[in-house]
There are 4 protein chains.
Amino acid sequence: MRARTFTESGRRAQIVRAAIEVIAEAGYAKASFSRIAKHAGLSSTGMISYHFAGKDDLLAVCVTEIEKITGAFMGPRIDAAVGHVAQLRAYVESNVALVGEHPAEVRALIDLVKNAGSQSASVNGRIALFEEHFRTGQAAGVFGRFDPRTAALAFTTGLDAVVAIAAAAVPEPAELTRIGRELADLYVRATAPETTGEPA
Amino acid sequence: MRARTFTESGRRAQIVRAAIEVIAEAGYAKASFSRIAKHAGLSSTGMISYHFAGKDDLLAVCVTEIEKITGAFMGPRIDAAVGHVAQLRAYVESNVALVGEHPAEVRALIDLVKNAGSQSASVNGRIALFEEHFRTGQAAGVFGRFDPRTAALAFTTGLDAVVAIAAAAVPEPAELTRIGRELADLYVRATAPETTGEPA
Amino acid sequence: MRARTFTESGRRAQIVRAAIEVIAEAGYAKASFSRIAKHAGLSSTGMISYHFAGKDDLLAVCVTEIEKITGAFMGPRIDAAVGHVAQLRAYVESNVALVGEHPAEVRALIDLVKNAGSQSASVNGRIALFEEHFRTGQAAGVFGRFDPRTAALAFTTGLDAVVAIAAAAVPEPAELTRIGRELADLYVRATAPETTGEPA
Amino acid sequence: MRARTFTESGRRAQIVRAAIEVIAEAGYAKASFSRIAKHAGLSSTGMISYHFAGKDDLLAVCVTEIEKITGAFMGPRIDAAVGHVAQLRAYVESNVALVGEHPAEVRALIDLVKNAGSQSASVNGRIALFEEHFRTGQAAGVFGRFDPRTAALAFTTGLDAVVAIAAAAVPEPAELTRIGRELADLYVRATAPETTGEPA
DNA sequence: CATGAATGAGGCTTCATTCAT
DNA sequence: GATGAATGAAGCCTCATTCAT
């Protein structure tokens with residue numbers, strides 16, 4: 001019954017878009033209201049304060065917006081994978097591939113995650129998702145024995161770093177694919193069950 | 001004949017110490033001159049500008065200072081290890097163990113690295129170190145086939161993340177040891193040579 | 001459709017006015033934002049930065065504003081004069097007379113010119129104007145032989161000095177008129193064609 | 001009986017020299033104690049405050065020092081000239097020629113005069129000198145009728161401007177000589193007695 | 001005497017936010 | 001509902017000067 005959709009009102013969407021682009025281009029630290037307003041073609045920062053409760057609010061909406069986009073890209077690819085291992089690989093590879101499609105959004109999101117840090121539900125959500133994925137996979141016997149939390153932490157951030165470097169200077173699609181597979185290989189191997197060395 | 005005392009003039013050291021503590025406690029973004037001055041018991045921020053060429057200079061000195069401390073702790077442990085694999089493990093484990101000894105320095109360094117970003121020689125230096133380590137290890141046949149650069153990137157940042165979480169709420173030494181071993185295990189497994197599966 | 005009001009938004013004009021008065025009263029060196037803000041009745045210097053891109057911008061606008069005023073006074077008087085010599089005289093005399101009408105503006109402009117120096121287009125513009133005037137006058141035979149550039153330089157600055165002294169303690173109108181004529185006489189005589197020792 | 005000569009003590013002279021050079025190179029506005037100290041190879045500005053009562057004191061000493069130098073150059077040349085007119089010409093021409101010998105000092109002095117302004121005894125002294133010279137010359141009948149004060153003001157500043165331009169980019173000696181003669185011609189002509197036009 | 005660390009004020013600029021229109 | 005001017009705090013930095021050593 002609410003009139004407003006998620007980002008809407010035109011103005012809101014416009015501001016969110018500008019904020020994302022500014023963060024992608026100039027970095028989180030430089031993403032001031034005035035810079036965002038200028039980028040959006042607004043004459044005043046008051047406009048932003050009017051539409052958002054504060055800077056945190058705007059940034060949170062940016063995160064949500066970007067996640068909607070990334071989710072649309074990665075979600076189907078992950079869902080298409082069958083089994084814990086394949087899904088892990090799909091997550092990593094599709095995340096790296098995403099750079100080719102939405103470099104600005106990826107750059108912005110990583111910067112937001114780095115700076116909003118542990119306050120963000122979505123950041124912790126992703127770690128928790130990995131952790132849970134590892135845990136259930138271990139229960140199913142498709143992952144080896146390791147601390148799911150430590151692995152989740154190390155792998156999500158490692159993934160972000162690789163993606164950030166790629167996003168900074170987007171390489172050829174083929175190279176992106178290679179990098180994604182390389183990283184997925186590493187993670188898959190790290191989490192593989194112990195080979196008990198059984199013969200044929 | 002005196003060029004400059006050890007960490008220089010007492011005041012300099014005091015300011016560097018204060019800066020490190022402020023960054024550790026309040027984060028990079030909040031580490032303003034006035035906050036650092038207050039923490040150091042100085043009457044004005046002018047004092048900091050008097051001793052350092054600028055904010056970048058102060059932060060660079062902080063990084064150097066912290067690396068001296070971490071190097072003194074990790075260096076011997078890494079050097080004591082024999083072989084590429086053992087050294088990789090020693091690096092990871094001693095880095096996590098370091099949290100128990102110098103939590104503030106670790107917290108500060110990670111925040112500095114995150115924000116100084118790719119401008120810092122020391123950051124890129126560490127990645128390059130890992131990369132080279134992987135490359136020579138592969139040549140020696142003790143590491144498997146994988147892209148050394150991708151692994152270096154993912155592992156150093158993953159390590160930082162694990163360390164950062166540990167540093168945020170320092171756990172028992174035993175728990176630290178466990179986390180370190182867990183992470184080392186993951187990395188060692190990820191980089192292990194392919195088992196050609198030959199039977200007994 | 002509105003682009004910008006006349007001297008812009010009232011506040012802008014108010015700030016420019018305050019800046020001119022501060023420069024006139026306290027001198028260029030003392031014309032800090034905080035002094036100007038205080039003079040303008042503003043609560044903070046931020047307001048000035050809000051309306052102007054920086055100090056240089058504000059000062060440039062001041063120069064433009066003052067030149068508009070002085071141009072309105074001197075322009076018609078110069079245009080009314082016929083011939084190069086009469087125009088030179090009209091320039092000098094009207095410039096000195098201007099002190100009686102707008103002493104603050106004159107004081108401020110001279111101080112601005114002295115300190116903004118050779119960066120300003122308007123300063124060099126005036127010298128170039130004199131130089132060109134001398135050159136065409138020489139071609140027409142109404143001026144003698146002399147280096148137009150040196151004369152332009154010496155005469156504009158000499159004029160400024162005389163005007164500055166007058167502006168510092170504005171004398172009676174009659175005295176102003178006398179000073180103007182005196183200076184014009186000097187310049188006219190200095191630039192007169194050589195008397196060719198007329199025949200009987 | 002005093003132990004100290006004018007500028008002496010080595011340190012004092014060193015500082016004065018550095019100050020003059022800084023003013024010549026960077027301008028009056030940039031001539032801060034720290035910049036001067038750096039230029040002089042001093043480690044602290046305290047040194048300057050120790051040797052001079054304050055900034056004004058240092059600058060006054062600079063002016064005195066420069067005038068000693070310029071006086072040594074111009075003095076003999078002026079004294080060698082016979083008659084009011086020739087002396088006026090000698091003053092102007094030797095002042096311009098001075099640029100070829102001591103460009104830094106000339107640059108510095110002009111900047112000091114411009115900014116110290118009417119507070120300086122020496123500035124007003126020079127104007128007074130010109131004024132008196134004109135007055136006695138008029139009494140002797142070698143100058144025409146004009147206001148000595150106005151002429152003194154306009155000519156000294158005009159001379160300064162010409163000299164400043166020359167000092168900014170020192171031209172060939174021959175060009176300097178030409179400029180000096182040009183300016184002297186202008187001033188001589190401007191102050192010449194009225195030719196009553198009587199025939200032979 | 002000489003030093004250089006310390007001071008405290010003031011410089012310009014940018015920020016997120018508020019509020020009258 | 002939307003605007004943009006206004007705010008006031010905080011940012012880093014430079015200054016001339018002082019004072020204990």
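Just so we're on the same page: letters track the sequence lines, and every chain starts at 1.
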* Structure fact -> Listing for DNA chain F: consecutive Watson-Crick or G-U pair runs of at least 3, distance cutoff 3.5 Å, ranges ordered by first number, gives E:2-21 with F:2-21
* A:R17 bridged to A:E105 by N-O distance under 4.0 Å -> yes
* Test: B:K30 and B:D111 ion pair at under 4.0 Å -> no
Give the rounded distance in Å between these two atoms: [atom1] of [X] and [atom2] of [N].
X	N	atom1	atom2	answer
B:I15	F:dC13	CD1	P	13 Å
D:L58	F:dC15	CG	P	14 Å
B:I48	F:dT14	CD1	C1'	15 Å
C:K30	E:dC12	NZ	P	13 Å
C:F33	E:dA9	CZ	C1'	18 Å
D:I36	F:dT14	CD1	P	16 Å
C:D56	E:dG11	CG	P	16 Å
C:L42	F:dA6	CG	P	8 Å

NA contact type, [X], heavy-atom cut-off 4.0 Å: base, sugar-phosphate, or nothing?
X	value
C:S32	sugar-phosphate
B:S34	sugar-phosphate
C:S43	sugar-phosphate

* Tell whether C:Y50 reaches the base of F:dA6 with its side chain through a donor-acceptor pair below 3.5 angstrom. => no
* Asked: For the side chain of A:K55, counting heavy atoms from C-beta on, which of F:dT3, E:dT17, F:dC12 is nearest?
  -> E:dT17
* Structure fact -> Winner on side-chain proximity to D:M47, out of E:dA2, E:dT14, E:dA5, is E:dA2
* Structure fact -> Heavy-atom nearest nucleotide on DNA chain E taken for C:A31 and for A:G54; more 5' hit belongs to C:A31
* Asked: How do D:S44 and C:F52 order along DNA chain E: which one's closest nucleotide is nearer the 5' end?
  -> D:S44
Heavy atoms, side chains only, cut-off 4.5 Å: are [X] and [Y] in contact?
X	Y	answer
C:L58	C:C62	yes
B:R11	B:Y50	no
B:S34	B:K38	no
A:V16	A:T64	no

Does [N] have its OP1 or OP2 closer than 4.0 Å to a side-chain nitrogen or oxygen of [X]?
X	N	answer
A:R12	F:dA2	no
D:H51	E:dC1	no
D:R11	E:dA2	no
C:R35	E:dG10	no

* In sequence, state the C-alpha distance, the side-chain angles, and the governing distance for A:I15 and A:L42, and then conclude on side-chain contact (heavy atoms from CB on, under 4.5 Å). => CA-CA 9 Å; A:I15 293 169; A:L42 300 173; 3.9 Å; yes
* Structure fact -> Note: C:A18 and C:A40 closest approach over all heavy atoms is CB-CB, 3.5 Å
